[in-house]
Amino acid sequence: MNKTVFLGALTVAGLVAASASAATLDDVKERGTLNCGVVTGLAGFGAPDANGVWTGFDVAMCRAVAAAVLGDKDAVEFVPTTGQTRFTALASGEIDLLARNTTWTFSRDTDLKFDFIGVNYYDGQGFLIPKELGVASAKDLDGATVCIQTGTTTELNLADFFRINNISYEPVPIETNAEGQQQYLAGACDVYTTDASGLAATRATFEAPGDHVLLPEIISKEPLGPLVRHGDSEWADIARWTLNALISAEELGISSSNVAELSAAPTDNPEVNRLLGTEGELGAMIGLDAGWAVAAISAGGNYGEIFEKNIGENTPIGLARGLNAQWTDGGLLYSPPFR
């Protein structure tokens, strides 16, 4: 009897999980728009342009998912979130996906009940200071005032770094990057600390970027990636494999300029064919049509195109690929196979 009850409980749990897994996809399709949580404004990663159109590296992920699911990269409602509000917005269902330079950690993945669907930027925490301070190392920052965003992994990283090096600091709490930039430029803090990519993006907006330097120390691992709620496996699969499609597309030589041609008929490469829907049934496996990846890649290009357009070396942000290069080029970027 106990075994029967146990199996019955598993069946009920399975039915509940199955029901939950389809909820977000159904909601997005019924609504006709993807509600995507983004940063309140960070150059190159997520910010509205002069016409109010959101652009950026993380924004491109939102548009790719919208294109894959709804066939329209513009069918996105962008919801600006801070370090403090982002998780509440996702947990409450206000947003369907959070794509906002968020670090994948144990507690966020388990205790907060979220699923990170991959890493779209490998980063680490750094320090930005005025060049005139003449400081060459973060270990020389004893007694410094430090602007730091609350509700982020940078708080604990900072405390650990200063404790390990037996030096002290005075935190200056901030809510948003805009506030951090304002406080830093006003001299309210000696140092601004956050992800090194964010510091590079912030410095690029200064009137005199050359007057500010990034110190050499990177004091943490910050694997940044999009995330969804627990208990929504089908939706997590869609977001995960959309990111993987953008990564694989770059490796396979599929770009925004040739994806239409390559998807018109099967090629000699079976993985290209499976990804672009001319062979196999991968789209059906995640509840989407055969052209879902074609739509996602067409939205803003492959991973490399998105990187170069928004934050690459030829942009004001000026970031090299580094760890975010394809694995074939010595980086960490790697997608599981499409088969």
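Note that the coordinates shown come from a computational prediction; the quantities given were computed from them, not determined experimentally.
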### Task
Check ring-ring contact (aromatic ring centres under 6.0 Å, His included) between Y169 and all other residues, then give those that pass, not counting sequence neighbours.
F162
### Query
Can you tell me if H230 uses its side chain to pair, donor with acceptor, with the backbone of D109 under 3.5 Å?
yes
### Query
Does the side chain of F57 reach to within under 4.5 Å of the side chain of L42, using non-hydrogen atoms?
no
#### Entry: side-chain contact (heavy atoms from CB on, under 4.5 Å) involving V59 - partner list, sequence neighbours excluded
V38, W54, R63, F78
#### Entry: Where T154 and Q125 come nearest, the two heavy atoms and their spacing
CA-OE1, 3.2 Å
### Verify same cluster id: V39, L97 (apolar side-chain graph, 4.5 Å)
yes
### Task
With sequence neighbours left out, write down each residue that passes salt bridge (Lys or Arg N to Asp or Glu O under 4.0 Å) with R86, or none if nothing qualifies.
none
### Query
Can you hop from L141 to L199 via hydrophobic side chains spaced under 4.5 Å?
no
### Summary
Heavy-atom nearest pair, L34 first then A66, reads CD2-N, 4.0 Å
#### Entry: Close side-chain approach of L252 and N269, heavy atoms under 4.5 Å
yes
### Task
Report the residues that fulfil side-chain contact (heavy atoms from CB on, under 4.5 Å) with E175, sequence neighbours left out, ordered by chain and then residue number.
T82, Q84, T150, E179
### Message
For residues L246 and L227: do they belong to one hydrophobic cluster (side chain heavy atoms under 4.5 Å, members Ile, Leu, Val, Met, Phe, Trp, Tyr)?
### Response
no
### Message
Can you confirm whether D49 is buried at CG, in the sense that more than 12 heavy atoms of other residues, nucleotides or ligands lie under 6.0 Å from that atom?
### Response
yes
## Note on the structure
In terms of heavy-atom contacts, I297 and N302 come closest through CG2-N, 4.3 Å
### Task
Mark yes or no for whether T145, through its side chain, and E170, through its backbone, hold a donor-acceptor pair below 3.5 Å.
no
### Message
Rounded to the nearest 0.5 Å, what separates atom CE in M61 from atom OH in Y303?
### Response
11.5 Å
### Query
Are side-chain heavy atoms of E308 and T315 found at a separation under 4.5 Å?
no
### Message
Please report the interatomic distance CG(L276) to CD1(I254), rounded to the nearest 0.5 Å.
### Response
4.0 Å
### Task
Mind checking salt bridge (Lys or Arg N to Asp or Glu O under 4.0 Å) for E250 and listing every partner two or more places apart, or none if nothing turns up?
R321
### Task
Indicate the atoms forming the closest heavy-atom contact of A296 with T242, along with that distance.
CB-CG2, 4.0 Å
### Message
Between the side chains of R240 and D237, is the shortest nitrogen-to-carboxylate-oxygen separation below 4.0 Å, so that they form an ion pair?
### Response
yes
#### Entry: ILVMFWY network linking L158 to I218, side-chain heavy atoms under 4.5 angstrom
no
### Task
Assess whether side chain to side chain donor-acceptor pair (under 3.5 Å) is satisfied between N35 and D27, documenting all intermediate values.
CA-CA 10 Å; N35 292 337; D27 287 347; over 6 Å; no
### Query
When rounded to the nearest 0.5 angstrom, what is the spacing between CG in N166 and CG in D142?
8.0 Å
### Message
Would you compute the distance between atom CD1 of I174 and atom SG of C189 and round it to the nearest 0.5 angstrom?
### Response
7.0 Å
### Query
What do the steps show when you test F45 against R100 for side-chain contact (heavy atoms from CB on, under 4.5 Å), and what is the final call?
CA-CA 8 Å; F45 285 88; R100 179 207 177 280; over 6 Å; no
### Task
Any disulfide bond (SG atoms under 2.5 Å apart) involving residues 37-140? Give me the pairs, sequence neighbours left out, ordered by first then second residue.
C36-C62
### Task
Please lay out, stage by stage, how V228 and T24 fare under the test side-chain contact (heavy atoms from CB on, under 4.5 Å).
CA-CA 10 Å; V228 298; T24 305; over 6 Å; no
### Query
Quick one: CZ on F114 to CH2 on W104, what's the gap to the nearest 0.5 Å?
14.5 Å
Please table the atom pairs, donor to acceptor, closer than 3.5 Å between any side-chain atom in residues 202-215 and protein atoms at least two apart or in another chain.
from: T202; atom 1: OG1; to: N177; atom 2: OD1; distance (Å): 3.0
from: T202; atom 1: OG1; to: N177; atom 2: ND2; distance (Å): 3.2
from: T202; atom 1: OG1; to: G198; atom 2: O; distance (Å): 2.9
from: R203; atom 1: NH1; to: H212; atom 2: O; distance (Å): 3.1
from: T205; atom 1: OG1; to: Q181; atom 2: OE1; distance (Å): 3.3
from: T205; atom 1: OG1; to: Q181; atom 2: NE2; distance (Å): 3.4
from: T205; atom 1: OG1; to: T202; atom 2: O; distance (Å): 2.7
from: H212; atom 1: ND1; to: Y184; atom 2: OH; distance (Å): 2.8

Sequence neighbours excluded and cut-off under 3.5 Å, please list the side-chain donor-acceptor pairs for residues 328-339, or say none.
from: S335; atom 1: OG; to: S248; atom 2: OG; distance (Å): 3.1

### Message
T103: which residues meet the side-chain contact (heavy atoms from CB on, under 4.5 Å) condition with it, sequence neighbours left out?
### Response
T105, R108, T153, E222, P223, L224
### Under 3.5 Å donor-acceptor, N101 side chain and G46 backbone
no
### Message
Test of understanding: with salt bridge (Lys or Arg N to Asp or Glu O under 4.0 Å), list the residues that count as partners of R274, not counting sequence neighbours.
### Response
none
### Query
What about I247 and V65, same hydrophobic cluster or not, with Ile/Leu/Val/Met/Phe/Trp/Tyr joined at side-chain heavy-atom distances under 4.5 Å?
yes
Without placing hydrogens or testing angles, list every side-chain donor-acceptor pair under 3.5 Å for residues 279-293, not counting sequence neighbours.
from: E279; atom 1: OE1; to: N273; atom 2: ND2; distance (Å): 3.3
from: D289; atom 1: OD1; to: G291; atom 2: N; distance (Å): 3.0
from: D289; atom 1: OD1; to: W292; atom 2: N; distance (Å): 3.2

### Message
Just so I know, are the side chains of F307 and E313 near enough to count as touching, which here means a heavy-atom distance under 4.5 Å?
### Response
no
### Task
Would you name the heavy atoms of L319 and S197 that are closest together and state the gap between them?
CD1-CB, 3.9 Å
### Task
With the side chain counted from C-beta on, respond yes when D115 and W235 share a heavy-atom pair under 4.5 Å apart, and no when they do not.
no
## Note on the structure
Note: E305 and S256 closest approach over all heavy atoms is OE2-OG, 2.7 Å
### Task
For V79, check side-chain contact (heavy atoms from CB on, under 4.5 Å) against everything at least two apart and list the hits.
T81, E94, I95
### Query
Do the side chains of L323 and K221 get nearer than 4.5 Å, heavy atoms only?
no
### Query
Out of curiosity, C147 SG to L185 CG, how far, rounded to the nearest 0.5 Å?
9.5 Å
### Query
Checking N258 side chain against S255 main chain: does a donor-acceptor pair fall under 3.5 Å?
yes
